[in-house]
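One structure is given below, encoded as C-alpha cells.
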Amino acid sequence: GACQRGTKNRMGQATGFDYIQSLGVNVVQLQPISDRHKDYDQDGNVAYNWGYDPQNYNAPETSFSTDPTNPSQGMRDLKTMIQAYHDAGVSVVIDVVYNHSYSTYDSPFQATVPDYYYRMNPDGSFQNGTGVGNETASEHEMFRKYMIDSILYWINEYNIDGFRFDLMGIHDIETMRQIREALDEIDPRILTYGEGWDMGTGLLPLDKAKKDNAFELPNIGFFNDTERDAIKGAEVYGGLKAGFVSGEATESIVAKAILGSNELGVYLEPKQVVNYVEAHDNYNLHDLLVELHPDDDDLTRTKRIELATAMNLLLQGMSFMELGQEFSRSKLVATGENGQTIQEDYERAMNSYNAPDTVNQVNWDLIADHQESIDYIKKIIHLKTMTKEFSYQHYEDIYQHVFVHSAHSGSGIVIFEVKDEKYYLVIFNASGQSYNIEDIGNLRLVAGNSRQVSDSFVEDLTATVFEVLEW
C-alpha cells in the first residue's frame, strides 16, 4: 500500500505514493518495520501498533505484508516498496529500536547470556532508562556487534538508505561511532540520526550518544527540540507551551536556528541538525494549535501551520516533517456524546502508539480543503532540496552567505537574507498585523502564503521568500 500507484481520495485527488512523490521530498522515513510484539482483537486480528515493541530486529513485520502467514512474502513486499521509492528518486530511512526489547526474562538475548545484553541493577532487576521496562547495553561488546551486524544486514539485504535511532541517547558514543564508521566504508551518504535525549543512568553523561555530545559524533544527526519549541511551542508529557507562531518572544532562538543552530548546541556540521515541528510523538501541529488557540478560525489556524512548516524547512540543517502536516492532519477524533471531544480523545492524540486506524490514519480528503497550503509548501520544499542557499554543508558557508536582519524580542518579525549565486530575502511575520517591506531593490515573489499578494507588505502569520533581482 505504501508504494501503490493510482490511489485517490473521494474528490479524485492523488493520495499515497503518488502524493508523496509530487511533494518533491527526497527521503521518506518509515516507522519501525521489524518484527514486533503483537496484540490481537477479539476477532483475532492484529491490533494497530506503531512498532516500538521490538522482538526480532532483522525480520520484517509480517502484519504489513499482503500475506502475513508467509514470511518470505513479507520480505518480497518490503523490497518491492523500497525499490519503488528508489525508482522515484526517493531514499528510504527506517526507524530502528535497539534501545530496548519488548520481552525481558524470556527474550532471546536473556536466554543466550543472562544479564549481559541488558543493563542491570545490583539487585538483579532491569534498568529502565527507556521508560518501557528495560534498556539494552550497547557498551557490551557483543550487543555492540549485534547492532552493527543488524544495520549492515538491512543495508546489504534491503538497500536501506539510512537509519533513525529511537532513543539514541540510551546508546553509548563508541557504538554509534563504530556504526558510522562501518557505514562510511559502504557509502558516506547513508543517513544516521536519532533522538538525542539524555535518558537513563547506566552510562556516564560523557559516554551517552545524546545531543549535548554531538561534537563527539560526526556525521550523526540529532532532532532539534530547541528549534521545535521556539517555532511552534510544545506538548510534552501533557504540558503545553507556545512558540513564535503563537506570539511567543522566541525571535532570538529562531535567528540562531536560521544560522544552523550552531549556537544552540555543540554541532560540528549543519547536517547534524534535524529540524522539525511535527513527528509521530505528541500532538500533531494542528492539534497543538487547536489547544493553544481554540478560538482561531480555520484560515488563521491554517496560516499558523503554514508558517511553522515553512520556517522549519527554510532553516539551515536537515528538515523533517510528518506526512499530512502540510494539510492540517489531525489525530483529535471526538468520541463523546453528540460529537463532543472528551479528555480521552486529547490523551490519545498526544500519544497514539496503540490507538486504532481511526486516529492514526491519514485523512486524505483533507487535501481538498488545503490545496493552497500544499502548493505553497511544495515551493518551499523545492527551495530546500533544489537550491544550495537553504542547505549549506558547512558553518563557514552559512556565516558567509546568511545574514539575519531583524529578530527583536517580542516583535513577531524575523527577517534574513541569503546571498550567493541568487539573493533571497525571507520574512517571517507573526506580529499580529501586516508588515510593510522596506525598499531594498527589485523583488520577485518566490513563495508566500499571504492571501493578498503584494510587493509592499506581507500579511500576519506568513513566511515569504523573495528573490532580489537587482541590488
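Excluded from the calculations below are hydrogen atoms, water molecules and symmetry mates; all remaining heavy atoms, backbone and side chain alike, are included.
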Practice task
Could you tell me whether the side chain of Thr66 reaches within less than 4.5 Å of the side chain of Gln73, counting heavy atoms only?
Solution key: yes
Practice task
Please examine the side chains of Asp225 and Lys211, heavy atoms only from C-beta on, and report whether any two atoms are closer than 4.5 Å.
Solution key: yes
Practice task
Look at the aromatic rings of Trp364 and Phe327 and report parallel, tilted or perpendicular, splitting at 30° and 60°.
Solution key: tilted
Throw together a table of side-chain donor-acceptor distances under 3.5 angstrom for residues 341-353, partners on residues two or more places apart or in other chains.
{"unit_1": "Asp345", "atom_1": "OD1", "unit_2": "Thr335", "atom_2": "OG1", "d": "2.6"}
{"unit_1": "Asp345", "atom_1": "OD1", "unit_2": "Arg348", "atom_2": "NH2", "d": "2.7"}
{"unit_1": "Asp345", "atom_1": "OD2", "unit_2": "Thr335", "atom_2": "N", "d": "2.9"}
{"unit_1": "Asp345", "atom_1": "OD2", "unit_2": "Thr335", "atom_2": "OG1", "d": "3.4"}
{"unit_1": "Asp345", "atom_1": "OD2", "unit_2": "Ile342", "atom_2": "N", "d": "2.9"}
{"unit_1": "Ser352", "atom_1": "OG", "unit_2": "Lys331", "atom_2": "NZ", "d": "3.0"}
{"unit_1": "Ser352", "atom_1": "OG", "unit_2": "Asn360", "atom_2": "OD1", "d": "2.8"}

Handout entry: Within the 6.0 Å centroid threshold, strictly below: Tyr267 and Tyr395
Key = no
Handout entry: Sidechain N-carboxylate O distance under 4.0 Å for Lys241, Glu235
Key = no
Problem - Heavy-atom neighbours of Met11 CE exceed 12 at 6.0 Å - result: yes
Exercise for the section: Indicate whether any N or O donor in one side chain lies under 3.5 Å from an N or O acceptor in the other, for Asn275 and Asn312. Expected result: no
Practice task
Test Lys232 against Asp229 for salt bridge (charged side-chain N to carboxylate O under 4.0 Å, His left out), laying out the working first.
Solution key: CA-CA 6 Å; Lys232 64 110 178 192; Asp229 293 359; over 6 Å; no
Exercise for the section: Indicate, with yes or no, if the rings of Tyr117 and His140 have centres closer together than 6.0 Å. Expected result: no
Completion exercise
Looking only at heavy atoms, the pair that brings Leu323 and Arg329 closest together is O-NH1, 3.0 Å
Exercise for the section: Return the orientation label for the Phe165 and Phe163 ring planes: parallel under 30°, perpendicular over 60°, tilted otherwise. Expected result: tilted
Practice task
Check whether any side-chain heavy atom of Met120 lies under 4.5 Å from a side-chain heavy atom of Phe126, and answer yes or no.
Solution key: yes
Exercise for the section: Taking only Lys NZ, Arg NE, NH1 and NH2, and the carboxylate oxygens of Asp or Glu, determine whether Glu227 and Lys256 approach each other closer than 4.0 Å. Expected result: no
Practice task
Compare every heavy atom of Glu61 with every heavy atom of Arg36, then report the nearest pair and how far apart it is.
Solution key: N-OE1, 3.0 Å
